[in-house]
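Written below as structure tokens is the structure these notes are about.
What's counted below: heavy atoms across the whole structure, side chains too, no hydrogens, waters or symmetry copies. Since we're looking at a predicted model, the values are computed, not measured.
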Amino acid sequence: MLAWNLPTTLIKAVKGTRDLLPPSTEVWNRVEAVTRGIFRAYNYHEIRTPILEETQLFARGVGEETDIVTKEMYTFTDRDDTSLTLRPENTASVIRAYIEHRLDQRPGVQKLYYIGPMFRRERPQKGRYRQFFQIGAEAIGSESPVVDAEVIELVIEILKGVGLGGFKLLVNSVGDHNCRPQYVERLRQELQSVASQMCGDCQRRADTNPLRVLDCKVEADQPIIERLPSIVDHLCPACHAHFEAVKQFLDDRSIEYEVRPRLVRGLDYYMRTTFEVVHGALGAQNSVLGGGRYDGLAESLGSPVHSPGIGFSIGEDRLVMSVEGDRITIPLDLFIAPLGEAALRHAAVMARDFRRAGFSVELVEGKLKRVMELANKLGARYTLIVGENEMAAGRYALKNMASGQQESLTREEISARLAVLD
RNA sequence: GUGGGAUUAGCUCAGCUGGUAGAGCACGGGAUUGUGGUUCCCGGGGUCGUGGGUUCAAACCCCACAUCCCACCCCA
């Protein structure tokens, strides 16, 4: 391997990025296939936006003061001096596209989904990569709590559809421009008297970002946090009504959730409904997905019309990690073992025909013992032996690799055997 | 960005108080000239993460760096 330039240092995948190899890619594809099917059922359609955007988009969309924007973006200057950034998330891009292409002029709520890589320059960790994949969706053009509930229902259906169990849905409302500033001010005042008893981080947050204090994980701080005012008790009437409606609609659907007044999402654009799903098998990075409503985002990105929306993004790496079984075998329907030159040519045509019929087929010539071993290693369900006798008779030896049983069959009979495979 | 752990064969890991490397699995070949999975035998593979230092001698001790893992921060 690389023997022709051994002295040079080996080039490896850059820090925080990784190669996804078979058979793991089978799991990824299965997750995506199931997900696309569910999106279709909910009338969501795919949008593909560029991986590169002007830095300004994220600065304005995600929030100038967020960790993502201040220290986690892959930003560089293009040759014409514009500042470009590898997208750290996709909601801002989708909204940008929505405005740019006047999707507000299209009929109904715009329901869009995406699957693709995002980039954040964080310290890698279990379930956290610098290039990571998100499956996300946005429903734009409605403030109705019905949409909130449907989006949450959709994401839960996806999790169940890919076979994930043992997760927990957390919901909250973070208010809007009317009630949130008042609540934050109230919280800030409360903190003035108790912050000195809290951890160093919280003392700092009490000034810079009081909401973050609620998220503190330091054990000793918890009793103090319990006594702090809760945002759900300080929602304005409109936000309160919205939140109550969302919860009612979730109850109607028998969707289990837990209200977490301390669930504070990190992106500035969230308002009213926020939600998250956590899963135990993920270590400290236990969040599989996060989402929420962002009714002011479009305007802040220059939209001429009010375009309220709600969306979520699933950490696909984490989802796959939670769902991935111990051993995945990639099934091979048929392994064809031709014996000799004439048989190889004969078998090649048969292989093409079986492949056209939709079966996965591998064809390898060689000593029978050797290729049988290979067929076994490749996980072939059937092995077809094509030799002089078979060609002359028009009946081929088909061996069931699981049972060891072998039959002499015509092509039609072979097709019939294969057809009953799932 | 901060802290801790790790780095030896493709993979998972042994390697005692310093004396220039081993196992299991995997891979390849054979016992079996048209029959796999179990068994037996044989084999290929490692500048011991990189660069310095100490030493007669370093996988082992010291320093730096890199990468991975775990956690913090924050988030998907």
Query raised in the report: Could one point to a donor on the side chain of Glu373(A) or the base of rU35(B) with an acceptor on the other under 3.5 Å away?
Result: no

Query - Closest-nucleotide ordering on RNA chain B, the 5'-leading residue of Ile68(A) and Thr17(A) - result: Thr17(A)

Requested in this report: Could you tell me which nucleotide pairs with rU55(B) by Watson-Crick or G-U wobble geometry, both distances under 3.5 Å, or answer none if nothing does?
Outcome: none

Query raised in the report: How far, in whole Å, is rG10(B) from rA26(B) if one measures between their P atoms?
Result: 16 Å

Query raised in the report: Counting side-chain heavy atoms from CB outward, which of rU35(B), rC70(B), rC69(B) is closest to Pro124(A)?
Result: rC69(B)

Query raised in the report: Taking atom P in both rC62(B) and rG4(B), what distance in whole Å separates the two?
Result: 15 Å

Query raised in the report: Shortest non-hydrogen contact from Ile135(A) to Thr35(A)?
Result: CG2-CG2, 3.6 Å

Query - Any-strand Watson-Crick or G-U partner of rU7(B), both distances under 3.5 Å - result: rA66(B)

Report task. Check every strand shown and say whether Gln406(A) touches a base, only sugar-phosphate, or nothing at a heavy-atom separation below 4.0 Å. Result -> base

Report summary line: With the side chain defined as heavy atoms from C-beta on, Arg318(A) is closest, among rA76(B), rA71(B), rU35(B), to rA76(B)

Query raised in the report: Contact class for Val371(A) (heavy atom, under 4.0 Å): base, sugar-phosphate, or nothing?
Result: nothing

Report task. Would you kindly give the CZ-to-P distance between Arg128(A) and rA71(B), to the nearest whole Å? Result -> 10 Å

Query - Test applied, salt bridge (charged side-chain N to carboxylate O under 4.0 Å, His left out); reference residue, Lys111(A); option that passes from Glu150(A), Glu138(A), Glu46(A) - result: Glu150(A)

Query raised in the report: Side-chain donor or acceptor of Lys399(A) under 3.5 Å from a matching atom on the base of rU35(B)?
Result: yes

Requested in this report: Kindly determine whether Arg128(A) and Asp317(A) satisfy salt bridge (charged side-chain N to carboxylate O under 4.0 Å, His left out), including the steps that lead there.
Outcome: CA-CA 8 Å; Arg128(A) 167 188 287 170; Asp317(A) 304 77; over 6 Å; no

**Report entry** Within the 6.0 Å centroid threshold, strictly below: Tyr44(A) and Tyr113(A)
**Finding:** no

Query raised in the report: Within less than 4.0 Å of OP1 or OP2 of rG30(B), is there a side-chain N or O belonging to Lys367(A)?
Result: yes

Report task. Looking at every strand, decide which applies to Gly127(A) at a 4.0 Å heavy-atom threshold: base, sugar-phosphate, or nothing. Result -> base

Query raised in the report: Does rC72(B) have a Watson-Crick or wobble mate here (both distances under 3.5 Å), and if so which one?
Result: rG1(B)

**Report entry** rA58(B) versus rU20(B) - spacing of their P atoms, nearest Å
**Finding:** 11 Å

Query raised in the report: If the C1' atom of rA14(B) is compared with that of rG22(B), how far apart are they to the nearest Å?
Result: 7 Å

Report task. Tell me, with the steps shown, if Leu363(A) and Phe335(A) meet side-chain contact (heavy atoms from CB on, under 4.5 Å). Result -> CA-CA 6 Å; Leu363(A) 169 71; Phe335(A) 185 99; over 6 Å; no

Query raised in the report: Between the side-chain atoms of Arg123(A) and the base atoms of rC73(B), is any donor-acceptor pair under 3.5 Å?
Result: no

Query raised in the report: In terms of the angle between their ring planes, are Phe133(A) and Trp28(A) parallel, tilted or perpendicular, with boundaries placed at 30° and 60°?
Result: perpendicular

Report summary line: Any strand, both distances under 3.5 Å, Watson-Crick or G-U wobble: rU35(B) pairs with none

**Report entry** Heavy-atom pair with the smallest gap, counting every atom of Ser313(A) and Tyr114(A)
**Finding:** CB-OH, 3.6 Å

Requested in this report: Output the single nucleotide from rG34(B), rA76(B), rU67(B) whose closest atom is nearest the side chain of Lys12(A).
Outcome: rU67(B)

Query raised in the report: If you look at every strand shown and take non-hydrogen atoms under 4.0 Å, does Glu276(A) touch a base, only sugar-phosphate, or nothing?
Result: nothing

Query - Length of the line joining Asp19(A):CG and rC68(B):P, which is rounded to integer Å - result: 12 Å

**Report entry** Integer angstrom distance from the C1' of rA76(B) to that of rG18(B)
**Finding:** 48 Å

Requested in this report: Indicate, with a heavy-atom threshold strictly under 4.0 Å, whether Gly16(A) touches base, sugar-phosphate, or nothing.
Outcome: sugar-phosphate

Query raised in the report: Quick one: does Asn376(A) reach the base of rG37(B) with a side-chain donor-acceptor pair under 3.5 Å?
Result: no

Query - Side-chain N,O (Lys15(A)) to OP1/OP2 (rC68(B)) below 4.0 Å - result: yes

Report task. Select base, sugar-phosphate, or nothing to describe what Glu316(A) touches, counting heavy atoms under 4.0 Å on all strands. Result -> nothing

**Report entry** Side-chain donor/acceptor contact of Glu390(A) with base of rG34(B) under 3.5 Å
**Finding:** yes

Query raised in the report: Using purine N1 to pyrimidine N3 plus N6-O4 or O6-N4 for Watson-Crick, or N1-O2 and O6-N3 for G-U wobble, both under 3.5 Å, which nucleotide pairs with rG46(B)?
Result: none

Requested in this report: Classify the nucleic acid contact of Asn389(A) as base, sugar-phosphate or nothing, counting any heavy atom under 4.0 Å across all strands shown.
Outcome: base

Query - Pairing partner (Watson-Crick or G-U wobble, both distances under 3.5 angstrom) of rG22(B) - result: rC13(B)

Query raised in the report: Contact class for Phe133(A) vs. all strands (heavy atom < 4.0 Å): base, sugar-phosphate, or nothing?
Result: nothing

**Report entry** Distance between P atoms of rG49(B) and rC11(B) (Å, rounded)
**Finding:** 13 Å

Query - side-chain contact (heavy atoms from CB on, under 4.5 Å) assessment of Ile95(A) paired with Tyr294(A) - result: CA-CA 10 Å; Ile95(A) 299 301; Tyr294(A) 44 80; 3.7 Å; yes

Query raised in the report: Closer than 4.0 Å, any side-chain N/O of Lys377(A) to the OP1 or OP2 of rG28(B)?
Result: yes

Query raised in the report: Looking only at side-chain N and O atoms, does Gln125(A) come under 4.0 Å of OP1 or OP2 in rC70(B)?
Result: no

Query raised in the report: Does the pair Lys168(A) and Glu258(A) meet the rule for a salt bridge (charged side-chain N to carboxylate O under 4.0 Å, His left out), with working shown?
Result: CA-CA 8 Å; Lys168(A) 187 187 285 182; Glu258(A) 193 175 305; 3.6 Å; yes

Query raised in the report: With a 4.0 Å cut-off on heavy atoms, is Ala380(A) in touch with a base, just the backbone sugar-phosphate, or nothing at all?
Result: nothing

Query raised in the report: For Tyr114(A) and rA76(B), what is the distance between atoms OH and P respectively, to the nearest whole Å?
Result: 10 Å

Query raised in the report: For rC40(B), what is the paired nucleotide under Watson-Crick or G-U wobble rules, both distances under 3.5 Å?
Result: rG30(B)

Query raised in the report: Starting at the 5' end of RNA chain B, which residue's closest nucleotide do you reach first, Gly387(A) or Arg370(A)?
Result: Arg370(A)

Query raised in the report: Rounded to the nearest Å, what distance is computed from the CG atom of residue Leu211(A) to the P atom of nucleotide rC73(B)?
Result: 16 Å

Query raised in the report: NA contact type, Leu289(A), heavy-atom cut-off 4.0 Å: base, sugar-phosphate, or nothing?
Result: sugar-phosphate

